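Each remark here refers to the structure printed beneath this line.
Below, all heavy atoms of this structure are taken into account, side chains as well, without hydrogens, waters or symmetry copies. Every value quoted in this text rests on a predicted model; they were computed, and no experiment measured them.
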Amino acid sequence: MIVARNLKWKQVFFYMWKPMLYFLVLSLVIYILHAKFGMKSLSIPFNAVATLSTALAIYLGFKNNSAYDRWWEARKIWGLLVNYSRAWSREILSLSFTAKNDESQEIINWQKKVIYRHIAFVHSLRVFLRIKHPYNQNKTEIYEGSNQYDDIKDFVSAEEFKSFLDKNNPPNYLIQLQSEDLKYAYRKGWISDYRFVRLDETLTEFNNHQGMSERIKNTPMPRPYSFFSRVFVYLHGTLVPFAFIEDLGWLNVPLSLIINFIFLALDTIGERTEDPFENRMDDTPLTAISLTIETNLKEMIGDKNFPKKQKAIEGVVL
Amino acid sequence: MIVARNLKWKQVFFYMWKPMLYFLVLSLVIYILHAKFGMKSLSIPFNAVATLSTALAIYLGFKNNSAYDRWWEARKIWGLLVNYSRAWSREILSLSFTAKNDESQEIINWQKKVIYRHIAFVHSLRVFLRIKHPYNQNKTEIYEGSNQYDDIKDFVSAEEFKSFLDKNNPPNYLIQLQSEDLKYAYRKGWISDYRFVRLDETLTEFNNHQGMSERIKNTPMPRPYSFFSRVFVYLHGTLVPFAFIEDLGWLNVPLSLIINFIFLALDTIGERTEDPFENRMDDTPLTAISLTIETNLKEMIGDKNFPKKQKAIEGVVL
Amino acid sequence: MIVARNLKWKQVFFYMWKPMLYFLVLSLVIYILHAKFGMKSLSIPFNAVATLSTALAIYLGFKNNSAYDRWWEARKIWGLLVNYSRAWSREILSLSFTAKNDESQEIINWQKKVIYRHIAFVHSLRVFLRIKHPYNQNKTEIYEGSNQYDDIKDFVSAEEFKSFLDKNNPPNYLIQLQSEDLKYAYRKGWISDYRFVRLDETLTEFNNHQGMSERIKNTPMPRPYSFFSRVFVYLHGTLVPFAFIEDLGWLNVPLSLIINFIFLALDTIGERTEDPFENRMDDTPLTAISLTIETNLKEMIGDKNFPKKQKAIEGVVL
Amino acid sequence: MIVARNLKWKQVFFYMWKPMLYFLVLSLVIYILHAKFGMKSLSIPFNAVATLSTALAIYLGFKNNSAYDRWWEARKIWGLLVNYSRAWSREILSLSFTAKNDESQEIINWQKKVIYRHIAFVHSLRVFLRIKHPYNQNKTEIYEGSNQYDDIKDFVSAEEFKSFLDKNNPPNYLIQLQSEDLKYAYRKGWISDYRFVRLDETLTEFNNHQGMSERIKNTPMPRPYSFFSRVFVYLHGTLVPFAFIEDLGWLNVPLSLIINFIFLALDTIGERTEDPFENRMDDTPLTAISLTIETNLKEMIGDKNFPKKQKAIEGVVL
Amino acid sequence: MIVARNLKWKQVFFYMWKPMLYFLVLSLVIYILHAKFGMKSLSIPFNAVATLSTALAIYLGFKNNSAYDRWWEARKIWGLLVNYSRAWSREILSLSFTAKNDESQEIINWQKKVIYRHIAFVHSLRVFLRIKHPYNQNKTEIYEGSNQYDDIKDFVSAEEFKSFLDKNNPPNYLIQLQSEDLKYAYRKGWISDYRFVRLDETLTEFNNHQGMSERIKNTPMPRPYSFFSRVFVYLHGTLVPFAFIEDLGWLNVPLSLIINFIFLALDTIGERTEDPFENRMDDTPLTAISLTIETNLKEMIGDKNFPKKQKAIEGVVL
């Protein structure tokens with residue numbers, strides 16, 4: 001996520017210089033053919049392009065809207081994860097207790113274990129989501145975060161960590177372990193039947209947060225939507241310099257570049273935003289959120305060993 | 001669902017070559033009549049078409065938006081099914097137990113039966129939803145998946161499978177069986193009154209997921225919306241070559257083809273997306289999701305016999 | 001609801017022939033006055049109309065969007081009714097039982113009565129919602145369904161049916177009876193305190209489905225929205241033939257008819273869709289959904305006497 | 001709420017005659033100066049206005065959408081109030097009972113008191129919401145409803161009514177009384193611990209309905225949105241007659257009036273709809289809904305003394 | 001939040017005078033160069049700009065829509081906080097009681113403490129949210145509210161206040177304290193196991209309200225969206241005076257100023273609305289809402305010492 005109000009030049013053009021170069025060369029070639037070689041038939045009426053411009057602008061509006069919705073939903077899901085992480089920690093601390101009205105070390109250890117394992121769940125979900133899809137693999141990015149399962153080592157036992165790495169779906173495994181620990185507490189008499197079920201319901205929330213994130217991760221915007229928007233931007237952008245060459249002469253070059261820059265930027269914004277879990281500049285800031293959760297939960301159990309807050313680098317938080 | 005970033009030519013034109021051919025022939029005929037036979041009165045002012053272009057672009061924007069919402073809602077529903085399938089499996093494993101604080105083989109068998117039957121439910125819902133509607137029957141598709149009730153044979157008893165095939169609404173029958181098995185566990189004393197109801201509520205979630213999917217399946221976008229959008233695209237597309245013939249000469253042919261291609265593509269995208277359960281290229285990937293659920297649930301009960309992951313064929317996952 | 005992919009001519013023009021006739025006569029008169037009587041001052045500049053066209057297209061886009069949302073919400077509500085009807089039936093069958101671990105005839109009769117009464121509720125809600133509003137009364141429709149309270153006679157006792165007909169709000173009365181029967185079962189010891197409340201919560205769902213349907217039924221789209229859209233379509237449509245008469249001659253007649261047909265159709269689609277409970281072609285298919293519920297619930301209690309499935313007549317399901 | 005399909009002239013022009021008069025005078029003055037005094041420089045190119053027209057139409061589309069959402073949300077909230085009022089009444093009647101399996105007069109009186117107090121809550125919320133805001137106070141309206149706290153006198157004791165009038169937030173006070181009466185019933189043994197909490201949750205729903213209504217009431221659409229939309233309509237409308245004066249002569253007067261009427265109407269519709277609790281023609285029909293609830297609840301306890309149904313006056317229901 | 005219907009001049013131009021000055025100077029310079037120095041080549045065809053105008057208007061429509069959604073969501077969250085604050089207070093008063101059917105001073109004190117601490121939570125959340133972000137720090141505002149943690153001093157003990165100030169996330173700490181006090185009441189026997197969990201669920205609501213607010217606070221609209229909208233407004237605005245200079249002469253100056261004013265205003269409205277917790281004129285009125293909650297809760301426990309209601313200053317409520 002970019003937090004700085006102004007983007008840097010490289011952040012703007014890193015993903016757009018190739019098509020911009022194409023549009024530049026194209027308009028130069030047209031200008032030269034038209035002005036120097038007198039190929040007057042290269043011109044097409046402006047109206048033909050204007051029709052497409054409006055249609056394209058509306059379509060890009062729709063696409064940007066959908067891309068933004070995906071991004072914002074991703075952020076909402078991780079917001080829910082923040083809220084329920086705090087609630088989980090609070091519930092573990094206040095809903096489990098011994099009959100003797102006084103907390104024993106045994107239950108305190110158990111509470112800490114369960115809360116730590118939840119921190120592990122959050123970090124592992126971040127790592128799990130940020131594994132790059134094959135169809136995004138060969139894309140280079142300016143910024144890339146570091147995400148590996150080793151980040152959770154401090155929060156689960158060595159044994160659990162080993163089984164964890166073996167799993168098809170590691171975060172789901174951690175939720176299952178939480179569930180088993182609740183059954184343990186129930187049998188110990190630390191939680192009543194009713195409080196047991198209540199705590200289990202919070203685990204179902206985490207099932208939901210994980211599954212909702214996976215949905216966004218694994219289901220790209222329907223490809224035809226983005227494929228055609230790129231095709232339309234190129235088709236339209238290729239026609240633009242033909243439409244102005246008659247009236248504008250050399251001004252055609254900068255002016256059609258500006259027009260193409262705007263349409264191209266509208267397309268690129270959407271394309272960059274629609275996949276929020278790709279470990280790059282435009283992501284939902286999973287690392288920052290994970291660290292917030294870790295800090296909050298540690299604070300709740302009196303652990304002062306807070307992680308360092310992530311700093312924005314060149315205005316980017318990952 | 002198409003996962004490849006770029007569509008193949010055949011994926012683009014399979015559903016559009018007929019109208020494209022019509023528009024090609026039309027613009028050729030107009031060009032020939034105008035240029036060779038001098039029928040100058042064939043021209044209409046561009047403005048008349050521009051008015052329609054904007055209206056049409058806005059309308060197609062609305063239609064694509066609605067189509068995408070249907071598709072994305074379908075994906076959300078199946079995402080919920082993923083989440084609650086995991087939750088169901090977890091709850092069955094941790095909320096049912098014997099009083100003796102030690103798991104007997106009897107209850108382990110029961111748990112496995114109930115979780116397997118849920119896998120059967122997921123596959124059966126997929127098959128049930130992908131039965132083609134009469135009004136889609138005579139449409140040919142490039143890709144079609146394989147979906148038959150035999151896929152669930154391994155997950156229910158032979159007897160249940162037989163009754164299952166008899167039913168009007170087979171997936172609903174499986175939920176009913178789950179409910180009866182919960183009553184059985186309650187009477188056995190494996191689940192308390194309260195946990196019984198909690199588990200039953202998860203079944204209601206599955207009622208919801210099934211019913212929501214059926215809603216999208218059985219209620220097409222109001223037909224007038226899609227009927228008129230097709231009519232408008234043809235009306236508009238038929239006028240386009242008349243509008244440019246005066247200014248453009250032979251360029252009218254490629255240019256009006258480009259314009260018509262864009263409007264036609266906008267219409268086709270929506271039409272292909274609006275029905276996400278038709279067992280074809282643009283579907284919500286029910287098969288892939290079903291296999292994910294099967295894998296996750298098997299992992300949770302320690303069954304290593306995972307199904308093979310579906311491979312993308314020509315960039316398409318079904 | 002129309003299920004056929006293509007509308008029939010009569011379905012298109014039944015609701016539009018009057019204004020289309022007006023626009024035809026108008027453009028003919030203008031053509032004759034302009035061409036035969038030389039009233040050249042009848043022409044107005046095209047630009048004046050184009051400004052309105054865009055504004056009108058955007059406004060109709062908004063209106064169609066809202067109309068579709070109403071229609072789709074109506075369908076969602078009845079989808080929920082399907083889901084919770086199945087859940088209700090399942091819960092009644094599995095959550096109520098005698099202590100003796102064996103079902104007596106008494107409780108089976110009670111379960112059947114309660115499930116049958118729910119079928120009655122669904123049919124009665126359909127009939128209740130499809131009573132025509134005074135302001136829709138004098139509208140003729142091509143297709144009208146048959147909806148009368150007699151449809152529920154088979155599902156409640158004669159006595160209940162008599163009281164039912166007396167009520168201000170008959171469906172609400174049936175929910176109240178269900179509630180009383182739950183109290184009866186509680187006192188009989190068939191359901192625990194907790195299961196009693198759980199079943200009662202499902203009744204609250206039905207309160208919601210009924211009330212949500214009544215909301216859409218009794219609160220039309222704010223009238224100014226639809227009133228002005230009609231006014232704008234007429235104002236715009238009246239100006240259109242003046243705008244082209246100069247350039248087009250007799251072509252003005254078909255061309256302005258096409259343009260007006262498109263705007264008129266956009267307005268009509270919305271107007272037809274916004275009221276989904278009016279017992280006509282564009283309705284949410286309440287009859288079909290009611291019969292599905294009846295079938296599903298009968299299947300769940302082993303009653304093979306299924307209602308006949310409604311056939312689509314001329315592509316229309318009511 | 002207007003229920004009649006067609007608005008009356010006075011309903012249309014009551015809120016628009018002032019700006020319409022301004023636009024009329026303006027276009028007349030321009031026409032006279034241009035045609036009679038030959039001030040040819042008064043003309044501006046149409047294109048300059050067209051740019052603004054599109055931007056304005058899009059902006060008004062956005063504003064109308066938001067205004068409609070507020071209005072429809074208000075209706076949804078009061079729809080929920082209808083649903084939960086019925087549920088509350090049903091629950092009070094079926095979830096509270098004496099151990100002796102037979103209803104005593106004492107509990108029947110208590111049930112009636114609690115249901116009547118709920119009717120009082122509904123009426124009082126209506127009155128509370130319809131108190132005019134200072135910034136709406138000096139606006140005259142064609143229709144105004146009658147809303148005063150005396151409407152609830154019949155439904156609470158004299159003593160409660162006195163305290164009620166004293167409160168800062170009277171409806172909230174009534175909910176608090178309900179809560180106390182539930183505690184009373186719990187202590188009497190009429191409701192179990194679990195049913196107590198269940199009924200209390202329904203009260204929380206009413207907290208939500210009230211608070212949601214207050215949110216819409218107390219938080220107008222961000223003023224810049226509506227302020228600028230008015231400013232833009234005037235700026236645009238002032239430019240319109242300059243743009244056509246060259247081509248149109250005296251026709252400029254009616255044509256620019258029509259264009260301005262449409263944009264002005266689009267703005268006015270939104271402005272009238274965005275505040276749904278102002279006791280006027282465009283309100284959500286709180287009075288009608290309150291009377292429906294009163295009727296339904298009385299019917300449920302066998303009280304035949306129904307309030308008279310509100311009649312539409314000039315097509316308006318308040 | 002501005003409540004006055006009309007904005008004051010300074011409220012309009014405080015945030016727009018700089019770009020307006022740029023556009024003024026630009027159009028003057030162009031006019032002078034064109035008219036006085038005869039640089040006729042400065043003109044560009046209007047069509048080139050019109051294409052951008054439509055695209056820009058659509059894009060700003062999308063951006064304003066998203067900004068408004070953020071603002072309105074913020075208001076909804078604080079609306080929920082109002083509702084559940086009332087519910088919390090009501091529940092504390094009616095769900096906790098001693099067995100002896102008569103309220104002791106001890107429990108009354110406890111109830112007051114817990115309700116007061118909730119008022120502290122609300123005020124502290126307001127202060128916490130209104131801490132300015134680094135990237136907003138150097139922005140000057142016309143109005144700024146006063147928000148400091150001292151506002152909560154009256155509602156918690158001195159000891160709690162001291163720990164509170166130490167925390168990373170102070171509001172979360174207060175929720176945790178509430179949870180501990182519930183456990184205390186449970187052990188005292190004032191609340192049953194079931195009522196304990198019910199009250200704890202309300203605390204989870206507050207976790208949600210806090211986390212949802214933090215989400216909006218800490219996650220700005222994706223920067224590319226707002227960055228490019230500013231860039232496009234400047235690019236477009238810079239082209240505008242070139243497009244009219246040919247036709248308009250000196251009129252170009254006021255006319256292009258009007259056009260640029262409108263596009264600039266559309267951009268500024270969105271930018272001002274998208275961040276609702278920045279302690280400034282366009283904020284969600286957190287202070288007013290906090291005071292409402294304080295008043296309501298005090299009224300519920302009979303404390304007459306209401307805070308003063310915040311007055312609108314120059315039509316602004318903070």
Side-chain angles (χ1 to χ4, degrees), chain D residues 41 44-45 47-48 50-52 54-59 61-62 65-66 69 133-136 167-169 172-173 175-176 179-180 182-183 186-187 193-194 196-197 200-201 203-204 207-212 214-216 218-228 230-232 235-236 239, chain E residues 1-7 12 46 49-50 53-54 56-58 60-61 64-65 68 71-72 75-76 79-80 82-84 86-87 90-91 93-95 97 101 192 194-195 198 202 243-244 247-248 251 255 258-259 261-263 265-266 268-269 272-273 282 284-285 295-296 299-300 306 315:
Chain D
S41 67
I44 59 173
N47 277 336
T51 299
L52 293 186
T54 303
L56 184 54
I58 291 169
Y59 186 62
F62 154 67
N65 206 33
S66 308
D69 280 355
H133 268 301
Y135 48 80
N136 279 332
K167 298 292 172 187
N168 237 299
N169 191 321
N172 190 42
Y173 171 67
I175 299 181
Q176 199 178 352
S179 208
E180 280 170 27
L182 290 183
K183 182 161 37 165
Y186 173 74
R187 282 178 161 162
D193 195 36
Y194 187 66
F196 179 11
V197 171
D200 197 87
E201 282 172 357
L203 291 181
T204 302
N207 278 128
N208 269 313
H209 307 157
Q210 173 176 353
M212 287 156 88
E214 290 178 20
R215 163 167 54 82
I216 291 179
N218 294 327
T219 312
M221 280 269 291
R223 291 303 190 201
Y225 285 95
S226 34
F227 175 73
F228 281 110
R230 229 174 318 136
V231 169
F232 297 167
L235 279 177
H236 173 263
L239 293 177
Chain E
M1 186 180 65
I2 306 168
V3 293
R5 284 196 166 273
N6 292 307
L7 271 64
V12 174
F46 173 75
V49 176
S53 301
T54 303
L56 183 55
I58 291 168
L60 291 174
N64 281 339
N65 206 31
Y68 173 66
W71 188 89
W72 192 228
R75 183 58 188 86
K76 277 186 176 166
L80 285 173
V82 170
N83 311 348
Y84 282 94
R86 290 172 186 162
R90 182 174 49 66
E91 285 167 355
L93 292 171
S94 73
L95 296 187
F97 39 79
N101 283 9
S192 65
Y194 187 66
R195 299 202 303 274
R198 183 69 201 79
T202 305
F244 292 119
D247 293 339
L248 282 173
L251 262 176
L255 203 67
I258 287 178
I259 293 175
F261 168 70
I262 288 185
F263 281 99
L266 288 178
T268 307
I269 292 171
R272 303 284 314 160
T273 314
D282 312 88
T284 296
T295 305
N296 290 163
E299 183 163 283
M300 289 175 81
F306 299 140

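Among E:Ile58, E:Thr284, E:Asn6, the residue making the largest number of heavy-atom pairs under 4.5 Å with chain D is E:Asn6. Of the listed residues D:Arg230, D:Glu180, D:His236, D:His209, the one with more heavy-atom pairs under 4.5 angstrom with chain E than any other is D:Arg230. Ranked by heavy-atom pairs under 4.5 Å with chain D, the first of E:Ile259, E:Asp282, E:Thr54, E:Val82 is E:Ile259. Of the listed residues (E:Lys76, E:Glu91, E:Arg272), the greatest number of heavy-atom pairs within a distance under 4.5 Å of chain D belongs to E:Lys76. The most heavy-atom pairs under 4.5 Å with chain E, out of D:Pro222, D:Pro220, D:Ala55, come from D:Pro222.
In this structure, a donor-acceptor pair under 3.5 Å is absent between the side chains of D:Asn168 and E:Thr295. For the residue pair D:Asn208/E:Asn83, the side-chain donor-acceptor check at 3.5 Å is satisfied.
Looking at D:Lys183, its side chain does come within 3.5 Å of a backbone N or O of E:Leu93 through a donor-acceptor pair.
E:Ile258 touches chain D through its side chain: at least one heavy atom from C-beta onward sits under 4.5 Å away, while N, CA, C and O do not. Neither the backbone nor the side chain of E:Leu60 comes within less than 4.5 Å of any heavy atom of chain D. Interface remark: D:Asn169 contributes backbone and side-chain atoms alike to the contact with chain E (heavy atom separation under 4.5 Å).
Screening E:Arg198, E:Arg195, E:Arg90 for a side-chain hydrogen bond (donor to acceptor under 3.5 Å, both in side chains) involving D:Asp200 leaves a single residue, E:Arg90.
The aromatic rings of D:Tyr186 and E:Phe97 are tilted relative to each other, their planes meeting at an angle between 30° and 60°.
In this structure, E:Phe261 CZ and D:Phe232 CZ are separated by 5.5 Å, a value rounded to the nearest 0.5 Å. In this structure, CZ on E:Phe244 lies 8.5 Å from CD1 on D:Ile44, to the nearest 0.5 angstrom. Note that CD1 of E:Ile2 and CZ of D:Phe227 are 9.5 Å apart. Values are rounded to the nearest 0.5 Å. Atom CH2 of E:Trp71 sits about 9.0 Å away from atom CE of D:Met221, to the nearest 0.5 Å.
For E:Asn65, the side chain to side chain contact (heavy atoms under 4.5 Å, CB included) partners two or more places apart in sequence, or in a different chain, are D:Phe62.
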For side chain to side chain contact (heavy atoms under 4.5 Å, CB included), just list the numbers for D:Tyr225 and E:Ile269, CA-CA rounded to whole Å, side-chain angles, deciding distance to a tenth of an Å, and then say yes or no.
-> CA-CA 7 Å; D:Tyr225 285 95; E:Ile269 292 171; 3.5 Å; yes

